[in-house]
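Structure, as structure tokens:
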Amino acid sequence: MKIAILTSGGDSAGMNAAVRAIVKWGILKGCEMWIVREGYEGLVNGNEDRAEKVGQEVNANAVAAVDKELAQSIDITSHEPDKNLLHNLRFGDGELLRDGTSEYVGGRTLKGRYIVRVGWDDVRGWFSEGGTLIGTARSAAFRTPEGRLAAAYNLVKEGIDALVVCGGDGSLTGADLFRSEWPDLIQTLHSEKRITDAQLKNHSHLKLVGLVGSIDNDMAMTDLTIGAPTALQRICEAIDNINSTAYSHSRAFVVEVMGRDCGWLALMAGVAGGADFIFIPEKPPTTMPWEDAMCAEIHRHRSLGKRKTIVIVAEGAHDRELNPIRADYIKDILTDRLGLDTRVTTLGHTQRGGRPCAFDRILPTVQGVEAVEALLEAEPSTPTYMIGVQENKITRVPLMDAVSATRAIGKALKDKEFDKALSLRGPEFLEMLHGFRGCSSYNSEAEKLPKAKRMRVGIIHMGAPAGGMNAATRAAVRYCIKQGHTPLAVHNGFRGLLDDNVDELSWLGVDAWAARGGSELGTNRALPSVDMGGIASKFQEYAFDGLLMIGGFEAFNALLMLDDARKHYPAFHIPMAHLPATISNNVPLTEHSLGSDTSLNALVDACDAIKQSASASRDRVFVVETQGGQCGYIATMGALAVGASLVYTPEGGMTLDMLRRDIRFLKRRYSLDVPGKSEGRLVIRTEAASKVYTTSVLTKMLIEEGGSLFDARSASLGHTLQGGVPSPMDRARAARLSLRCMKFLEEHHEILSQKPHKSRQAGPNTAAVITIQQSDIAWVPAQEMVKHADMANRRGKKSWWGNATDLVEQLAGKPQFLGLP
Ligand code: ATP
């Protein structure tokens, strides 16, 4: 199959990772891969006739001569796909694309050529680049029937029979139209004698797949679009920066973010950035006039002592009558009514730019693989699919269903059916909205729970620090205060509890915690078994009605112990929740623990820098050692996110045979590089992958075996993987899960408090871990968790990410390069 890829509409971070994965996976599957420059505009423009390039009339000899010239200039002798590996490696003009050159270079030119053949090495290093290297455009010509006829001709002319389009809903609508018109288009071309009988027969059907590249996350039937996580990261970085200046001058800032019909960016940024007020299209203010409601809320925050105010407004925000709510107007209100020194920051195109975050490398990679698979399986009768992600699973949904569902949200907004629009966004969106309110608003005494329902909640951090621990604590504290509960911070884990290191947290005191890394409460690995009796008496002394433990495997262990000790100590008959937070992501059953996204981003940052250094030295392999205990999650997903060549995990272990094969692979791979243009390559190794083949031993082996082909160095990322500032995904997830934990404590407290105090027996379901299982949130009692835990190795018995190891090595080309003689 000949597959072409184009990116269209607004650019988004992660589009390059998608193109890279599609090109590589296509080649692995024996396809010939092409890219279309400048989106649909390139498809309409196509390639100048090759004969024109040498200034001759169109004739077969001239074309053959140019083909030969091209073939020689790139050091191959065959044009047959898959005839040999070098062909796949070097056939293409990708390096010209990367240089952004459209002029004549080294015997080749991209001038007048929009549809370009690419090879394996053309897409190397594309991961870390923002935007789209193959160019994008908004094409008026493609909207016309003539334009689409030209596009069809250009594809048939190059023999291309499948197309992947990566863009927003407009681009995907255009794609679907193109495919549905295809039979008519090629009949027309045939009747106009522009294509031959054979071309008509061979191109009777266009195979097409869509990927959603859009920073707004506005497409229905997929949880995330390519580029949205990076845009959120850019917004949160900006808000974090604004926070410090706002605090210094006691200012208010109105921050305008992108999102015409979709408030996802504004909402997530509001939760992750700790904003005071947000405006999104799906939920216009209900209290009118909204200016009064906003001022009342912000005044309340100020009267508590807040020195800074952040209001986030989506560019498409409006009131219930669809009158736009503009940043400048909000600024005037805050200045005039509250006397605040207010500034407006419009983030604009900075939100699109920059290096993709880890998620925007992993998601497009697995989606790109799925796109190729969908094309290979496509029949004329199969619908055009859009590749999405739902509940942590890559999905194929009929493209037009997704576009129609997206349009339905737009229509609901236009019809002022805001509840409908909100429900079409899905339950997670709604929960985030409740989460934002839970963390940002402050109830009056009358709005709080009745005294009998109020609790004293102990909050404790356990194990190593992880990004999001503080954000989770902040959300819990804010919710407690809103409801009338008393949040009690236990500092320095269970040892701190024994030392009476406990105090009450305030609404204002945790204000800045969303963006803080590490553990504000202090954490350590001491388990309650250090002095179970002492711990029980402290539970009694502080009169805890509920306990929230935020931490990794230790916290799970602690929960098990406390549950077990209930038979001896009545003080433990209270609801207890564990919120998993660990960079290792090794808590059983849950797919994501807090901190794992931050850690992946830290790994990506470090590896981008290391790879740059490795590439500068041309022929260097870097062995990067990661933390992760006995769990290879960080190493594996990190390897996928940085395009590592090899990955070693504790689950997979390391053997001599494995090393022999891997070294052979690296030697072959380096031997095929164009001399002087070798690439730096990464090998990622979890520190506990093997006791014998340590990072040092592996590096020495590589130096010894690499000979004149490559050199090797090692780098241990160690504690840097805990990350500095937590990622927005971790912060938002922290708030959502923490509020769920508080609800869990409230529900069970209410049931338990109906029983007489002395005979209160809390069942096993009241000591539970909150887990994310395929995006559903499930409570699993600690006793049940044990069945899914490999207690000796401190990890789950099953890992959902296990197959990713193979994917890493396939995308590095290992099977292909090992197949060489
Ligand atoms: P973004 O979300 O960044 O706006 P988008 O894909 O929605 O991305 P659009 O400008 O709507 O961006 O569409 C990009 C291109 O797709 C258009 O310039 C046009 O070439 C093509 N396109 C969009 N809608 C159609 C259509 N109905 N028919 C044909 N082509 C279309």
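Atoms within a ligand are numbered from 1 in the order they appear, just like the ligands themselves. In this text the structure is predicted, and so the values were computed from the model without any measurement.
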Nearest-0.5 Å distance that lies between atom OG1 in Thr132 and atom CE in Met15: 6.0 Å

Sub-3.5 Å N/O-N/O distance, Gly168 and ligand 1: yes

Within reach of ligand 1, part of Asp169 (heavy-atom separation under 4.0 Å): both

Atom 28 (N) of ligand 1 [closest protein heavy-atom partner, distance rounded to 0.1 Å]: Leu177 CD2, 3.6 Å

From Leu149 atom CG to Glu192 atom CD, the distance as rounded to the nearest 0.5 Å: 6.0 Å

Among Ser139, Ser8, Ser214, the one residue meeting side-chain hydrogen bond (donor to acceptor under 3.5 Å, both in side chains) with Ser171: Ser8

Gly170-ligand 1 polar pair, N/O distance under 3.5 Å: yes

Distance in Å, Ile226 CD1 paired with Cys166 SG, rounded so as to fall on 0.5 Å steps: 4.5 Å

Contacting atoms of ligand 1, where contact means under 4.0 angstrom from a heavy atom of Tyr40: 16 (O), 20 (O), 21 (C)

Quiz item: cation-pi between Arg194 and Tyr153, 6.0 Å / 45°: yes

Protein heavy atom at shortest distance from atom 31 (C) of ligand 1: Gly174 CA, 3.6 Å

Proximal candidate to atom 25 (C) of ligand 1 [heavy atom criterion; set Arg260, Glu181, Arg143]: Arg143

Distance-only N or O hit between ligand 1 and Arg138, under 3.5 Å: yes

With Arg234 via side-chain contact (heavy atoms from CB on, under 4.5 Å) - residues at least two apart: Thr230, Glu237

Polar atom proximity, Asp218 to ligand 1 (N or O, under 3.5 Å): no

Identity and separation of the nearest protein heavy atom to atom 20 (O) of ligand 1: Ser139 O, 2.7 Å

Met219, portion touching ligand 1 at heavy-atom distance under 4.0 Å: neither

Trp290 and Tyr329 aromatic centres sub-6.0 Å: yes

Phe142/Phe178 aromatic ring centres below 6.0 Å: yes

Separation of Leu177 CG from Thr173 OG1 (nearest 0.5 Å): 9.0 Å

N/O separation below 3.5 Å, Gly10 to ligand 1: yes

Numbered atoms of ligand 1 (with element) below 4.0 Å of Ser8, judged on heavy atoms: 14 (C), 15 (C), 16 (O)

Thr173 N/O under 3.5 Å from ligand 1 N/O: no

Atom indices of ligand 1, in the order listed, that fall short of 4.0 Å to a heavy atom of Ser171: 5 (P), 6 (O), 13 (O), 14 (C), 16 (O)

Set of residues satisfying side-chain hydrogen bond (donor to acceptor under 3.5 Å, both in side chains) with respect to Thr395, sequence neighbours excluded: none

